[in-house]
Amino acid sequence: MAWLFYILLLMSSYDEDEAFEAAAAPTSGQHRPSLSQLAMQGARAATFGAPDTSYLDSLNPAQREAVETLDGPVLMLAGAGTGKTKALTARIAHLLNTGRAQPREILAVTFTNKAAREMKERVAALMGQDIEGMPWLGTFHSVCVKLLRRHAELVDLKSNFTILDTDDQIRLLKQLINAEGIDEKRWPARQLAGVIDSWKNRALTPGRISGGEGEEFNGRGVRLYAAYQARLQTLNAVDFGDLLLHVVTIFQKHPDLLEQYQRWFRYILVDEYQDTNVAQYLWLRLLAGGHKNICCVGDDDQSIYGWRGAEVGNILRFEKDFPGAKVVRLERNYRSTEHILKAASAIISCNKDRLGKDLWTDETDGEKVRLIGHWDGEEEARWVGEEIEAMHSGVSGFAKRRKNPRSKTPDQEFERLTKGGRVSEHVAGDIHQINLQREQALSPAGVGNYKIPQSVGLDEIAILVRASHQMRAFEDRFLSIGLPYRVIGGPRFYERMEIRDAMAYFRVICQPDDDLAFERIINTPKRGVGDKALQEIQIAARSNGVNLVEGARIAVADGLLKGKAKSGVAQLLADLDRWTSLNVQQIRYGVEDEDALVEDVAYEPAEISHIELAEKILDESGYTKMWQNDKSPEAPGRLENLKELVKALEQFENLAGFLEHVALIMDNDSGNDGEKVTIMTLHGAKGLEFPVVFLPGWEEGLFPSQRSMDESGTKGLEEERRLAYVGITRAEELCTISFAANRRVYGQWQAQMASRFIDELPADHVDVMTPNGLYGAQGNMGAGRSLDDYGQDSSPSRFQERAAKADVYNSPGWKRMQQRTSRAGTPRSPVTIEAKATVAFTEGERVFHKKFGYGEVMAIEGENLTVEFDHSGTKKLKAGFVLPADQAGDVPF
DNA sequence: GAAGAGTTCGTTTTT
DNA sequence: CGAACTCTTC
């Protein structure tokens with residue numbers, strides 16, 4: 001067998017002599033020094049002369065203190081927009097520069113890949129060099145995967161274990177619940193997954209679950225948890241929670257190993273410490289236990305992931321955990337104007353249990369936070385759309401007043417406005433000679449001097465919502481007015497069906513114990529393997545104590561399968577064997593030498609590249625053909641996605657490496673494809689900033705969310721309040737909060753009350769607008785439809801009840817707004833119109849169906865029609881589902 | 001095994 | 001209301 005000759009690839013070996021040479025000689029273009037080599041320079045410089053510490057000069061005193069306190073525990077309390085990443089990266093540079101640590105001796109953990117990436121880039125920029133030398137800068141999960149692959153056998157796993165995502169997790173739990181004879185309806189797998197996750201977040205293994213907790217899930221939670229863990233082990237798989245938990249277990253059981261890592265990781269840095277859960281906290285405490293050189297950065301006011309197991313307590317308790325810790329507060333904000341900061345501070349100060357920070361800024365002028373109420377959710381969306389158009393075209397007052405537009409040059413500004421015009425000469429100030437290349441709405445065509453209005457770019461604008469269903473109204477509206485937008489946080493590439501199918505093939509190749517993947521592909525594409533055949537295979541596997549692939553082999557050999565199933569499975573097995581023999585296997589992971597951890601990976605030699613193999617698999621399995629033969633409108637898109645998938649493989653050494661990437665990196669950045677307004681949730685916006693931010697839907701029950709308050713009481717409310725704080729502090733120049741008096745909730749109209757957070761806004765920093773405030777005399781309220789359609793019980797009157805106590809309600813603006821909303825009419829209680837009129841059809845009549853489109857009635861049997869649709873073939877359906885074609889215009893679709 | 005009928009249940013989400 | 005799921009029927 002050819003692959004007996006293993007190649008050992010040293011991924012990042014460290015050669016001291018080379019480092020010395022590099023430090024001594026000026027570097028040439030080809031041979032640039034690595035980070036470790038630079039660190040050596042630092043070490044030498046520390047001995048023989050001053051290292052270059054110019055990165056310290058741009059830090060403010062607080063940042064500088066946080067950067068220069070290198071030894072011992074440090075807690076950096078960094079408010080929103082206070083330059084925390086800057087401080088963190090400068091600190092890493094300083095550690096290297098002062099010769100305190102080699103790049104591989106620094107453990108730096110973040111929560112998201114994005115944050116990790118940014119940190120790598122910025123450290124690299126500071127050090128003027130590539131990031132190769134920092135192997136332990138990454139997310140908690142990616143660092144844990146590396147550790148766990150090295151020591152998998154200590155928790156009875158093989159180092160090529162699979163990482164299951166939530167989907168696999170649920171499917172597995174479903175199987176277990178059914179096996180226990182529990183009604184999956186009453187005790188859904190989702191819920192069990194939630195319970196198990198919360199146990200894992202708190203580092204509770206099945207054996208450690210105490211009395212009361214055992215009652216979870218109908219008293220069978222613990223047993224199912226144990227069964228689940230056992231099943232994961234036979235599948236040689238882990239879930240996300242396990243990545244941390246297994247490593248914690250290993251460290252707890254093997255003090256000698258822990259000690260080794262404590263020595264290896266001389267300095268630890270943690271980003272977003274307020275988001276750590278118990279397992280992560282234990283993990284950090286174990287690793288920092290020796291030297292206590294740990295620097296945690298966080299903001300208790302931005303802790304918004306409590307519902308996912310994050311413990312604000314971790315950050316509140318830091319000084320107790322690490323006595324003598326240095327606490328540094330970063331309070332100078334470089335992002336927002338004073339009005340925005342004051343509004344955010346006023347809200348967050350209503351929370352108890354804070355470490356307390358006061359953000360301040362030099363940016364004293366700017367726009368007040370705007371507050372506006374609307375009649376209903378659709379109107380809110382319409383207003384926001386019009387505001388954005390006004391800003392974008394430079395018509396709005398804000399766009400004109402704006403001091404520091406982000407757009408860099410008049411050319412860009414003009415190109416944005418005209419989509420193609422060019423500035424040919426800059427005359428003076430904002431007057432430019434312009435050569436218009438085609439008809440422009442903005443100005444007459446031709447060459448001439450024009451004043452370019454200042455405008456707001458669409459990608460400077462974000463709409464941040466509490467719940468994703470709020471996005472719908474904005475999407476609908478923006479679609480109809482043709483405003484480009486981008487939704488962040490939709491369904492992700494790697495969660496699509498075709499991608500998961502393809503990856504299931506790769507998974508079986510890389511890790512034959514992955515039964516979940518095998519189940520997924522055994523009849524995809526169709527091989528005539530139904531439930532019965534699968535059952536036979538499962539029985540064969542179980543009774544022989546082998547995985548499903550081997551079980552299938554036995555089932556075929558013993559003649560347990562018949563007909564199509566038999567030949568189908570046999571063919572699949574032969575294919576799998578062939579593909580497996582072509583796969584580049586990773587054979588060893590992680591080798592250490594005496595006093596350093598050398599990250600290395602060993603591979604078998606490849607006969608064909610993993611990319612060719614992937615194409616071969618998709619092709620020979622018939623999977624590609626399956627979609628080619630598919631007539632559904634999604635099919636071409638899916639084939640396109642498969643091509644994308646193969647392309648993505650190029651960046652990886654082998655299939656296994658790719659699978660790991662996919663499991664850990666759910667890339668959500670859907671590229672910068674043009675200038676668009678961003679629509680996203682408040683959670684998704686953490687860490688981001690935008691010049692202009694809209695915060696719609698500030699209504700009781702929606703924000704703060706009812707469920708949050710029901711489930712977690714005051715704690716929940718305080719987390720919602722932190723979310724409000726996060727939202728406001730995303731804005732740099734202009735922040736607009738809005739709410740609607742009426743909103744459709746699950747199809748029912750509901751009168752809404754303004755959010756209590758609105759009561760907490762400081763009137764001095766808020767500009768209360770009337771609904772038709774900024775532009776034109778035509779109020780939105782009356783535009784285009786009769787508001788008398790709404791009935792009784794005006795919710796604006798409910799606002800009145802609270803008007804006395806809240807700051808903002810005493811402003812003239814609020815009173816004007818209130819007048820308008822009440823004059824416009826009062827909301828009507830919901831009326832559901834049962835419009836199920838019986839319609840008689842005749843043969844040959846043209847009809848319309850919501851899904852199938854237009855067609856012709858071919859035959860009638862009582863209620864049942866046979867309709868030949870223009871584009872969807874002939875169908876039999878009940879008369880109630882189609883309309884006469886001439887009435888179809890009434891049906892929006 | 002696919003189409004269509006009926007049912008249920010509705011936050012936030014990274015890894 | 002509408003997506004996602006299951007159940008029914010051919």
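Note that these values count all heavy atoms, side chains included, but never hydrogens, waters or copies made by symmetry. Computed from a predicted structure; not experimentally measured. In what follows, chains are A, B, ... by sequence order, proteins preceding strands, each numbered from 1.
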A.B. asks: Quick one: is the NZ or CZ of A:R721 closer than 6.0 Å to the six-membered ring centre of A:F757, and within 45° of its axis?
C.D. replies: no
A.B. asks: Does the B:dT12 base have a donor-acceptor partner in the side chain of A:R308 within less than 3.5 Å?
C.D. replies: no
A.B. asks: In whole angstrom, give me the gap between the C1' atoms of B:dT11 and C:dT6.
C.D. replies: 25 Å
A.B. asks: Can you tell me the distance, in whole Å, between the NZ atom of A:K532 and the P atom of B:dG1?
C.D. replies: 12 Å
A.B. asks: Taking CZ from A:R171 and P from C:dC5, how many angstroms apart are they, rounded to a whole number?
C.D. replies: 13 Å
A.B. asks: Pairs under 3.5 angstrom, nitrogen or oxygen only, protein versus nucleotides 7-10 of chain B, please.
C.D. replies:
none

A.B. asks: Between A:N523 and A:E711, which is nearer to the 5' end of DNA chain B once each is assigned its nearest nucleotide?
C.D. replies: A:N523
A.B. asks: Is there a side-chain polar atom (N or O) of A:R472 under 4.0 Å from OP1 or OP2 of C:dA3?
C.D. replies: yes
A.B. asks: So which nucleotide from B:dT15, B:dT13, B:dA2 ends up closest to the side chain of A:T139?
C.D. replies: B:dT15
A.B. asks: For B:dT11, take OP1 and OP2 only and decide whether either is under 4.0 Å from a side-chain N or O of A:S468.
C.D. replies: no
A.B. asks: Less than 3.5 Å apart, any donor N or O on the side chain of A:D239 or A:Y228 sitting next to an acceptor on the other?
C.D. replies: yes
A.B. asks: Atom CG of A:L717 and atom C1' of B:dT11: how far apart are they, to the nearest Å?
C.D. replies: 15 Å
A.B. asks: Looking across every strand, which nucleic acid part, if any, lies under 4.0 Å from A:T681 by heavy atom: base, sugar-phosphate, or nothing?
C.D. replies: sugar-phosphate
A.B. asks: So if I take every side-chain heavy atom of A:T112 and compare against B:dG1, B:dT13, B:dT15, which nucleotide ends up nearest?
C.D. replies: B:dT15
A.B. asks: What's the closest nucleotide to the side chain of A:A467 if the choices are B:dT15, B:dA2, B:dT11?
C.D. replies: B:dT11
A.B. asks: Keeping to residues at least two apart or across chains, list the salt bridge (charged side-chain N to carboxylate O under 4.0 Å, His left out) pairs with something in residues 271-281 of chain A.
C.D. replies: A:K84-A:D271, A:K84-A:E272, A:E272-A:K686, A:D275-A:K686
A.B. asks: Provide, to the nearest angstrom, the distance between the CG atom belonging to A:D167 and the P atom belonging to B:dT15.
C.D. replies: 16 Å
A.B. asks: What contact category does A:E272 fall into here, base, sugar-phosphate, or nothing, at under 4.0 angstrom with non-hydrogen atoms?
C.D. replies: nothing
A.B. asks: Does B:dT14 have its OP1 or OP2 closer than 4.0 Å to a side-chain nitrogen or oxygen of A:N113?
C.D. replies: no
A.B. asks: Would you say the side-chain atoms of A:Q169 and A:D165 include a donor-acceptor pair closer than 3.5 Å?
C.D. replies: no
A.B. asks: What integer distance in Å separates A:L682:CG from B:dT11:P?
C.D. replies: 16 Å
A.B. asks: Grab the CE-P distance between A:M471 and B:dT11 for me, whole Å please.
C.D. replies: 13 Å
A.B. asks: Heavy atoms, side chains only, cut-off 4.5 Å: are A:C510 and A:L659 in contact?
C.D. replies: yes
A.B. asks: What is the distance, to the nearest angstrom, from the CD1 atom on A:I163 to the C1' atom on B:dT14?
C.D. replies: 14 Å
A.B. asks: Got a donor-acceptor contact below 3.5 angstrom from the A:S708 side chain to the A:S705 backbone?
C.D. replies: no
A.B. asks: Is A:R466 side chain donor-acceptor paired with the B:dT12 base, going by distance under 3.5 Å alone?
C.D. replies: yes
A.B. asks: Considering residues at least two apart in sequence or located in another chain, which fulfil the side chain to side chain contact (heavy atoms under 4.5 Å, CB included) criterion with A:K562?
C.D. replies: none
A.B. asks: Counting heavy atoms from C-beta on, name the nucleotide in B:dT13, B:dT15, B:dT11 closest to the side chain of A:H683.
C.D. replies: B:dT13
A.B. asks: Between atom CZ in A:R743 and atom C1' in C:dC1, what is the gap in whole Å?
C.D. replies: 15 Å
A.B. asks: Suppose you measure atom P in B:dT12 against the same atom in C:dA3; what distance do you get, rounded to whole Å?
C.D. replies: 15 Å
A.B. asks: Are the charged groups of A:R500 and A:D168 less than 4.0 angstrom apart, N to O?
C.D. replies: yes
A.B. asks: Mapping A:E720 and A:G530 onto DNA chain B by nearest heavy atom, which one lands closer to the 5' end?
C.D. replies: A:G530
A.B. asks: Start with the C-alpha distance between A:Y281 and A:V270, add both sets of side-chain angles, then the distance that settles side-chain contact (heavy atoms from CB on, under 4.5 Å), and finish with yes or no.
C.D. replies: CA-CA 10 Å; A:Y281 166 80; A:V270 190; over 6 Å; no
A.B. asks: Tell me whether A:F111 is stacked on the nucleobase of B:dT15, counting only the six-membered base ring and applying the 5.5 Å and 30° thresholds.
C.D. replies: no
